[in-house]
Amino acid sequence: MKLKLYVAGTRAASTLELVQRIQRAIADVVKQDPASELEIVSIMDNPTAALEDEVVATPTLVRSSPLPRRSAFAFSSDATELILSLRMDPIDQLARK
Amino acid sequence: MGKRILVIDDDLAVRQAFSLTFDDSPYDLDTAESGMRGLELVGQRHYDLIFLDLRMPSMDGVQTLTELRQRGHATPVYIVTAFHKEFLAQLSELSRSGVEFEILSKPVGAQQLLEVATTVLEGSIFHACN
C-alpha cells in the first residue's frame with residue numbers, strides 16, 4: 001500500500017506528531033504488507049500534486065496504490081482507524097456496517 | 001456548551017456563505033470582516049476553530065495568524081487560499097518557523113466545509129474516493 005500524507009508544512013509540532021502516529025499505525029496495521037510506503041508531501045512545496053490528488057484540506061492521507069485512490073482528512077483522527085479505513089474498499093466498509 | 005467557529009474574511013459574500021453553511025449545524029458561528037476585528041473577537045471569547053482568509057486589506061491572513069499565535073492562542077486555524085505557489089509562498093516563512101496552521105483549498109463547497117469542521121471538532125473520518 002502506498003500512502004501520501006499532505007501537510008501544510010513539515011516543521012509544526014502537530015504535523016511531526018501526526019507523522020509519527022501514522023508511521024506507528026502503519027507498522028501495526030500492515031505488518032503483512034512490508035512494501036507499504038508513506039510519503040510526506042508539503043502542499044507549500046508541491047501544490048500541483050495536491051491538486052492532482054484532489055486534496056481539499058490539510059492534513060489529508062491519500063492511498064495512491066492500490067487503486068482506486070482513496071483519501072481521508074487526518075486531523076485529530078485515530079491513526080489506526082484511519083489506516084484501517086483506507087485499506088478497505090468502499091464495498092468492504094458497507095459490509096461492516 | 002456548543003463549539004464555536006470564527007470566520008475572518010473581508011468578503012461579505014464569503015462570510016454569508018459560511019453563515020448559510022453552518023446555519024443548520026450544531027456549531028455556533030461568528031464572522032469578522034478584518035484580521036483586527038477577528039483578533040478582538042478571539043480576545044473576548046473562546047473559539048474551537050478559525051477559518052482565515054489569506055488575502056485581506058490592511059492586516060492579511062499571515063499577519064493575523066502571527067499575532068494570534070504571539071498572543072498565545074492555540075486554536076486550530078485553517079487558512080483559506082488557492083493551491084497556487086504564488087499564494088502559498090506567503091505562508092512559507094510561517095511554515096519554516098513551525099507556526100501551527102492548516103490549509104483549505106479555495107474555492108470550497110459547503111459539504112467540504114462541514115466535513116473539515118466535523119473532522120477537526122469531533123475527530124470524525126471523512127473519505128473521498130477518486
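For the numbers below, each heavy atom of this structure counts, side chains included, while hydrogens, waters and symmetry mates do not. Chain letters run A, B, ... following the sequence lines, proteins first and then strands; every chain starts at 1.
Residue pairs meeting the salt bridge (charged side-chain N to carboxylate O under 4.0 Å, His left out) criterion with at least one member in residues 27-46 of chain B, sequence neighbours excluded: B:R4-B:D28, B:R4-B:D30, B:D30-B:R45, B:R37-B:E40.
Heavy atoms of other residues, nucleotides or ligands lying less than 6.0 angstrom from CE of B:M36 number 12 at most.
Ranked by heavy-atom pairs shorter than 4.5 Å toward chain B, the options A:V55, A:N46, A:L16, A:T15 are led by A:V55. Ranking B:V108, B:L91, B:L88 against chain A, the residue ahead of the rest is B:L88, based on heavy-atom pairs under 4.5 Å. Interface remark: of the candidates B:S95, B:G109, B:S97, B:S95 forms the most heavy-atom pairs closer than 4.5 Å to chain A.
Contacts between residues 7-14 of chain A and chain B, defined by a heavy-atom separation under 4.5 Å, are made by A:A8, A:G9, A:T10, A:R11, A:A12, A:A13, A:S14.
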Q: Could you please spell out the steps behind the side chain to side chain contact (heavy atoms under 4.5 Å, CB included) verdict for B:Y47 and B:H73?
A: CA-CA 9 Å; B:Y47 290 97; B:H73 297 287; over 6 Å; no
(Q) Using the rule given for side chain to side chain contact (heavy atoms under 4.5 Å, CB included), can you reason through B:E115 versus B:T118, listing the C-alpha separation, both sets of side-chain angles and the distance that settles it, and then say yes or no? (A) CA-CA 5 Å; B:E115 287 179 2; B:T118 309; 5.9 Å; no
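Between B:H84 and B:F87, the two ring planes are tilted [angle within 30° to 60°].
The shortest distance between side-chain heavy atoms of B:M56 and B:Q63 does not fall below 4.5 Å.
Between the side chain of B:Y78 and the backbone N or O of A:T58, at least one donor-acceptor pair lies under 3.5 Å.
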